[in-house]
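Worksheet for the structure shown next.
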Protein chains: 2
Amino acid sequence: MELHQQRRMTRQRRVILEELAKVTSHPSADEVYAMVRRRIPRISMGTVYRNLDVLWESGTIQKLVSGGSQMRFDANAAVHYHVRCVRCGRVDDVAMDPPARIEERAANVTKYKILGHSLEFAGVCPACKKREATGQGTD
Amino acid sequence: MELHQQRRMTRQRRVILEELAKVTSHPSADEVYAMVRRRIPRISMGTVYRNLDVLWESGTIQKLVSGGSQMRFDANAAVHYHVRCVRCGRVDDVAMDPPARIEERAANVTKYKILGHSLEFAGVCPACKKREATGQGTD
DNA sequence: TTTGATGCAAAATATTTGCAGGATA
DNA sequence: TATCCTGCAAATATTTTGCATCAAA
């Protein structure tokens with residue numbers, strides 16, 4: 001039960017948020033680091049991680065666990081779903097409403113207190129579909 | 001495009017699968033390692049990781065990306081949903097049917113070819129709920 | 001001023017891999 | 001017997017953290 005302390009809007013924190021808001025992709029921490037470093041060359045990876053965490057804790061950004069290796073971040077904090085390309089790893093938003101009473105249904109079949117949910121589709125993105133149709137086998 | 005080679009059922013691979021099938025929890029690689037080591041004390045972590053991967057590639061087990069830190073494994077390869085405790089990281093199954101036409105709905109709002117989906121609920125498990133109710137603040 | 005935040009580097013985690021010897025089909 | 005697999009250890013990859021200094025409020 002950690003108390004939230006007073007947070008300060010430092011240049012680093014602001015720029016990280018600004019850069020994240022610019023893109024519709026869902027960058028990993030090192031990609032955010034690369035973007036931010038163009039504006040603050042001496043920023044450290046530790047600062048990037050610390051700020052992504054602070055922004056996530058305050059509900060300003062989303063932290064996605066997609067694929068398996070790295071975390072990905074999303075400046076769109078509203079609940080929405082994602083689809084990940086099984087070929088290239090690309091992640092996009094899926095603009096659909098949550099299935100009716102889905103958390104209520106889950107609560108009925110577990111002893112957990114349900115707080116939220118995340119839904120990720122797996123699929124093949126347009127670019128990979130096209131590449132495959134053209135006969136350019138990948139993998 | 002990797003060709004699957006001929007696989008051998010070694011003692012290590014068999015015991016890993018047997019131990020995984022015994023539990024309904026969703027152990028992480030090091031938990032599997034601990035379980036298997038009771039039967040094969042000299043097994044190495046590398047062998048555990050390699051085998052979990054082989055079993056996953058062949059569709060024998062599921063690999064869950066929950067939380068963010070470690071992978072978790074599930075001997076039940078059938079599609080089903082999970083709930084993860086936000087306090088202790090425990091993962092359990094959620095016995096509910098997929099929302100009606102959910103992949104069809106997703107297909108309508110993206111350009112992806114949808115292949116599947118995974119749904120994970122976040123919540124507080126019975127043990128953590130109880131601990132909190134008893135006033136034993138955690139974290 | 002106070003004290004949260006930063007940069008740097010080292011540490012902690014989690015997972016992967018090279019290699020020589022061992023076991024399975 | 002062929003070659004897949006193992007144990008061990010070193011290497012990667014990712015994320016976290018201690019600390020002295022800096023800066024937001």
Side-chain angles (χ1 to χ4, degrees), chain A residues 2-20 26-58 60-74 89 91, chain B residues 2-20 26-58 60-73 84 88-89 91 139:
Chain A
E2 78 194 9
L3 304 198
H4 272 197
Q5 47 190 356
Q6 186 56 41
R7 311 243 92 126
R8 292 172 183 178
M9 183 49 70
T10 61
R11 186 157 102 88
Q12 288 83 345
R13 183 163 301 164
R14 184 168 37 73
V15 171
I16 286 171
L17 190 50
E18 285 172 2
E19 290 299 313
L20 197 50
H26 300 72
S28 54
D30 63 295
E31 288 168 338
V32 172
Y33 177 57
M35 300 188 300
V36 171
R37 215 152 45 138
R38 293 198 300 261
R39 293 174 58 186
I40 309 178
R42 300 188 60 83
I43 195 170
S44 76
M45 196 57 164
T47 297
V48 170
Y49 271 105
R50 274 181 296 228
N51 275 301
L52 287 171
D53 241 39
V54 165
L55 292 168
W56 170 66
E57 281 170 13
S58 68
T60 310
I61 67 174
Q62 270 192 77
K63 207 174 187 176
L64 328 177
V65 183
S66 78
S69 44
Q70 305 161 283
M71 290 300 211
R72 286 175 172 277
F73 300 88
D74 185 345
V91 176
Chain B
E2 78 194 9
L3 304 196
H4 271 196
Q5 48 189 355
Q6 185 55 43
R7 313 243 93 127
R8 292 173 182 176
M9 184 48 72
T10 60
R11 185 158 103 88
Q12 288 82 347
R13 185 162 302 163
R14 183 168 37 73
V15 171
I16 285 172
L17 189 49
E18 285 172 1
E19 291 298 314
L20 197 49
H26 299 74
S28 54
D30 63 294
E31 288 168 338
V32 172
Y33 176 58
M35 298 189 302
V36 172
R37 214 151 46 138
R38 293 198 299 260
R39 294 174 57 185
I40 309 178
R42 299 188 60 83
I43 195 171
S44 77
M45 196 57 163
T47 296
V48 171
Y49 271 106
R50 274 181 295 228
N51 275 301
L52 288 171
D53 241 37
V54 165
L55 292 168
W56 170 67
E57 280 171 14
S58 68
T60 310
I61 66 173
Q62 269 191 78
K63 205 176 190 176
L64 324 179
V65 183
S66 76
S69 44
Q70 304 161 282
M71 290 298 206
R72 286 174 172 278
F73 301 87
R84 176 171 48 83
C88 68
V91 175
D139 268 4

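Sequence lines set the chain letters: A, B, ... in the order given, protein chains first and strands last, and positions in each chain run from 1.
The CZ-C1' distance, from B/F73 to C/dA14, rounds to 11 Å in whole Å. Between B/Q12 atom CD and C/dG22 atom C1' the separation is 10 Å, expressed in whole Å. The distance between atom CG of A/N51 and atom P of C/dG4, rounded to the nearest whole Å, is 15 Å. One interatomic measurement links the two molecules: CZ of B/R14 to P of D/dC4, which rounds to 21 Å at whole-angstrom precision. Protein atom CG of A/L52 is 13 Å distant from nucleotide atom C1' of D/dT14, rounded to whole Å.
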Sort me out a list of protein N/O and nucleotides 18-25 of chain D N/O pairs below 3.5 Å, or just none if empty.
residue	atom	partner	partner atom	Å
D/dG18	O6	A/R50	NH1	3.4
D/dA24	N3	A/R8	NH1	3.2
D/dA25	OP1	A/M9	N	3.2

For nucleotides 11-13 of chain C, give me every protein contact, N/O to N/O, under 3.5 Å, one pair per line with atom names.
none

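Atoms OG and CG, on A/S28 and A/L64 in that order, are 11.0 Å from each other to the nearest 0.5 Å. With values rounded to the nearest 0.5 angstrom, B/M45 atom CE is found 9.0 Å from B/R37 atom CZ. Rounded to the nearest 0.5 Å, atoms CZ (B/R14) and CG (B/N51) are 11.5 Å apart.
Closest approach of A/H26 and A/V91 over heavy atoms only: ND1-O, 3.2 Å. The two atoms that bring A/A29 and A/V48 nearest to each other are O-CG1, 3.8 Å, heavy atoms only. Considering all non-hydrogen atoms of both residues, B/F73 and B/L52 come closest at CE1-CD1, 3.5 Å. Taking each heavy atom of A/I43 and A/V36 in turn, the nearest pair found is CD1-CG1, 3.7 Å.
Within the 4.5 Å cutoff, the side chain of B/D53 has heavy atoms near those of the B/K63 side chain.
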Check step by step if side chain to side chain contact (heavy atoms under 4.5 Å, CB included) holds for A/E19 and A/V32.
-> CA-CA 7 Å; A/E19 290 299 313; A/V32 172; 5.8 Å; no
Stepwise side chain to side chain contact (heavy atoms under 4.5 Å, CB included) test for A/E57 and A/R7 = CA-CA 11 Å; A/E57 281 170 13; A/R7 311 243 92 126; 3.7 Å; yes
Determine, stepwise, if the pair A/R72 / A/E31 fulfils side chain to side chain contact (heavy atoms under 4.5 Å, CB included).
-> CA-CA 9 Å; A/R72 286 175 172 277; A/E31 288 168 338; 3.8 Å; yes
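Legend: residues meeting side-chain contact (heavy atoms from CB on, under 4.5 Å) with A/R42, ordered by chain and number and at least two apart, are absent. Partners of B/L55 under the side-chain contact (heavy atoms from CB on, under 4.5 Å) rule, at least two apart in sequence or in another chain, are B/R13, B/I16, B/L17, B/T60, B/I61.
Summary for the helix from C/dT1-D/dA25 to C/dA25-D/dT1: the axes at its two ends, each from 5 pairs, differ by 50° when rounded to the nearest 10 degrees.
Only A/R42, A/I43, A/S44, listed by number, bring a heavy atom of residues 28-45 of chain A to less than 4.0 angstrom from any atom of DNA chain C.
Contact annotation: B/Y49 side-chain N/O to C/dT15 OP1/OP2 distance is under 4.0 Å.
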